[in-house]
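Below: one structure, written as structure tokens.
Note that the numbering runs from 1 along the sequence shown for the chain. For ligands, and for the atoms within them, numbers begin at 1 and follow the listed sequence.
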Amino acid sequence: MSAPTFFRAAVVEEFGPEVNVRDVDLPKPDRHQALVKLHASGVCHTDLHAAEGDWPVKPEPPFVPGHEGVGEIVELGPGDHDLKVGDMVGNVWLWSACGTCEHCRTGWETLCNDAEYGGYTVNGSFGEYMLVDTRYCARIPEGSDPVEVAPILCAGVTVYKGLKVAETRPGQFMVISGAGGLGHIAVQYAVAMGMRVIAVDIADDKLELAKRHGAEFTVNAKHSDPAEAVQEYTGGGAHGVLVTAVHEAAFGQAIGMARKGGTIVFNGLPPGDFPAPIFEIVFKALTIRGSLVGTRQDLEEALDFYARGMIKPTVHECSLDDVNSVFEDMRHGKIEGRMSIKY
Ligand code: NAD
Ligand code: ZN
Ligand code: ZN
């Protein structure tokens with residue numbers, strides 16, 4: 001199959017709310033790289049942060065966002081690869097890493113100082129074609145629905161890793177704060193891991209979705225104090241709290257929801273800070289840790305949960321031309337589960 005010389009992509013020309021859907025030149029795969037024809041791509045809230053230039057470390061416009069892309073390899077770059085033309089692969093946030101630094105050597109490639117990020121430092125999956133590094137791309141399990149599996153590539157692996165480092169055991173309480181793209185999948189992984197799941201959000205429809213995916217108790221943080229509600233329901237607080245929310249308020253509330261000796265994991269990345277009560281953190285002996293996507297091994301495991309039918313993202317299909325309206329809905333918290341672009 002011969003690829004064209006240009007293709008359509010959603011491009012961030014300058015930071016702001018709008019992407020521009022236009023033709024871009026087809027790139028040539030370099031060493032360790034493959035050219036991929038996209039079948040689908042999830043739209044992550046990180047793509048919106050990227051387009052708006054929300055974070056201290058910014059991408060450089062013009063760039064193509066998207067790091068939940070699923071497609072087939074149409075061309076391999078020079079050198080040896082253990083993937084072939086026709087294989088279904090995905091791009092991820094951790095697009096590549098150096099492989100030799102201290103973080104890479106110790107199995108923390110997500111912390112590599114020389115990493116490239118999909119849809120951020122390297123063009124991503126909001127287009128008909130993309131490049132992947134065949135050493136770091138996702139291998140999509142056979143029989144996967146591209147539109148449905150796409151969100152596992154970021155939302156899925158991120159919350160799966162977040163739950164692993166929350167060190168919460170089966171039978172213990174886990175709060176998932178924020179039940180959006182990441183959170184509704186987090187509920188499913190936590191249930192699959194045998195935890196007792198509580199979901200917190202500020203929208204009733206998100207909490208309904210969390211219930212459908214197995215949350216046994218939900219709290220609308222807009223209408224009641226989530227710390228009080230969780231303390232009462234669990235008789236002393238949740239053993240683990242995973243924060244996927246896009247508002248700083250949820251980060252402080254996590255401390256109040258946690259049990260003594262509990263662990264709080266931050267996945268959400270709203271720009272800004274929150275006030276942290278030192279006394280409560282010390283007297284409850286809390287562990288608070290940040291968690292960034294997942295390693296290749298985490299990704300393989302996260303995808304395996306999907307392949308075994310234990311995780312089923314709630315996805316709604318859209319087209320590349322819909323990206324601006326998807327961003328608009330995302331900004332207003334109007335998306336149920338994940339939007340996934342179908343090519
Ligand atoms: P999303 O827009 O799909 O979902 C966000 C959810 O947060 C919504 O359900 C919204 O109602 C809820 N929310 C807003 N304010 C809240 C509050 N005060 N309390 C509780 N819930 C609240 O976004 P997403 O795609 O799930 O991404 C969530 C965040 O995670 C983003 O900031 C994104 O950049 C970040 N993220 C981090 C990583 C990582 O590796 N750490 C990976 C992917 C995404
Ligand atoms: Zn993401
Ligand atoms: Zn490295």
Run the numbers for me: atoms of ligand 1, each under 4.0 Å from some heavy atom of [X], listed by number.
X    : result
A250 : 19 (N)
W55  : 34 (O)
V246 : 5 (C), 7 (O), 14 (C), 28 (C), 29 (C), 31 (C), 32 (O)
C154 : 42 (C), 43 (C)

Which one holds for A179 and ligand 1: side chain close, backbone close, both close, or neither close, with close meaning a heavy atom under 4.0 Å?
->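 The part of A179 near ligand 1 is the backbone, not the side chain.
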
At what distance is the nearest protein heavy atom to [atom], and which residue and atom is it?
atom                    : result
atom 25 (O) of ligand 1 : R338 NH1, 2.7 Å
atom 22 (C) of ligand 1 : A245 CB, 3.6 Å
atom 33 (C) of ligand 1 : T46 OG1, 3.4 Å
atom 4 (O) of ligand 1  : G180 CA, 3.4 Å
atom 2 (O) of ligand 1  : H45 ND1, 2.7 Å
atom 3 (O) of ligand 1  : G181 N, 2.8 Å
atom 30 (O) of ligand 1 : G268 CA, 3.4 Å
atom 37 (C) of ligand 1 : N267 O, 2.9 Å

Is there a side-chain hydrogen bond (donor to acceptor under 3.5 Å, both in side chains) between H32 and T134 once you walk through the steps?
-> CA-CA 6 Å; H32 302 306; T134 56; 5.5 Å; no

Quick one: which of W55, F15, Y120 gives a ring pair (Phe, Tyr, Trp, His ring centres under 6.0 Å) with H49?
->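 Of W55, F15, Y120, ring pair (Phe, Tyr, Trp, His ring centres under 6.0 Å) with H49 is met by W55 alone.
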
Salt bridge check: are [X] and [Y] linked by an N-O gap of less than 4.0 Å?
X    : Y    : value
R139 : E300 : no
R331 : E328 : yes
K37  : E75  : no
D201 : K222 : no
E301 : K161 : no

Looking only at heavy atoms, the pair that brings I152 and P313 closest together is CD1-CG, 3.9 Å

Who's closest to [atom] heavy-atom-wise, of [options]?
atom                    : options                : result
atom 31 (C) of ligand 1 : H49, K222, H247        : H49
atom 38 (C) of ligand 1 : T158, L209, V157, V219 : T158
atom 8 (C) of ligand 1  : V265, D201, L48, T244  : D201

Within-cut-off N or O pair, L182 and ligand 1, under 3.5 Å =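 Right, the criterion is met.
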
Is the distance between the ring centroids of Y117 and F63 less than 6.0 Å?
-> no

Check: Y136 ring centre within less than 6.0 Å of W93 ring centre =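 So the answer is no for these two rings.
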
With the Zn ion (ligand 2) at the centre, find the angle made by SG from C154 and NE2 from H67, to 10°.
-> 110°

Sub-4.0 Å heavy-atom approach of C44 to ligand 1 |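 For ligand 1, residue contact (heavy atoms, under 4.0 Å) with C44 is present.
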
Whether I335 lies under 4.0 Å from ligand 1, heavy atom = no

Looking at the Zn ion (ligand 3), is one of the N, O or S atoms of H103 less than 2.8 Å from it?
->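 Not a single backbone or side-chain N, O or S atom of H103 is under 2.8 Å from the Zn ion (ligand 3).
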
Going hydrophobic residue to hydrophobic residue with side-chain gaps under 4.5 angstrom, can you get from V11 over to F327?
-> yes

Let me see the working for T295 and D298 under side-chain hydrogen bond (donor to acceptor under 3.5 Å, both in side chains), right down to the final yes or no.
-> CA-CA 5 Å; T295 62; D298 296 319; 3.0 Å; yes

T287 side chain to T263 backbone, donor-acceptor under 3.5 Å = no

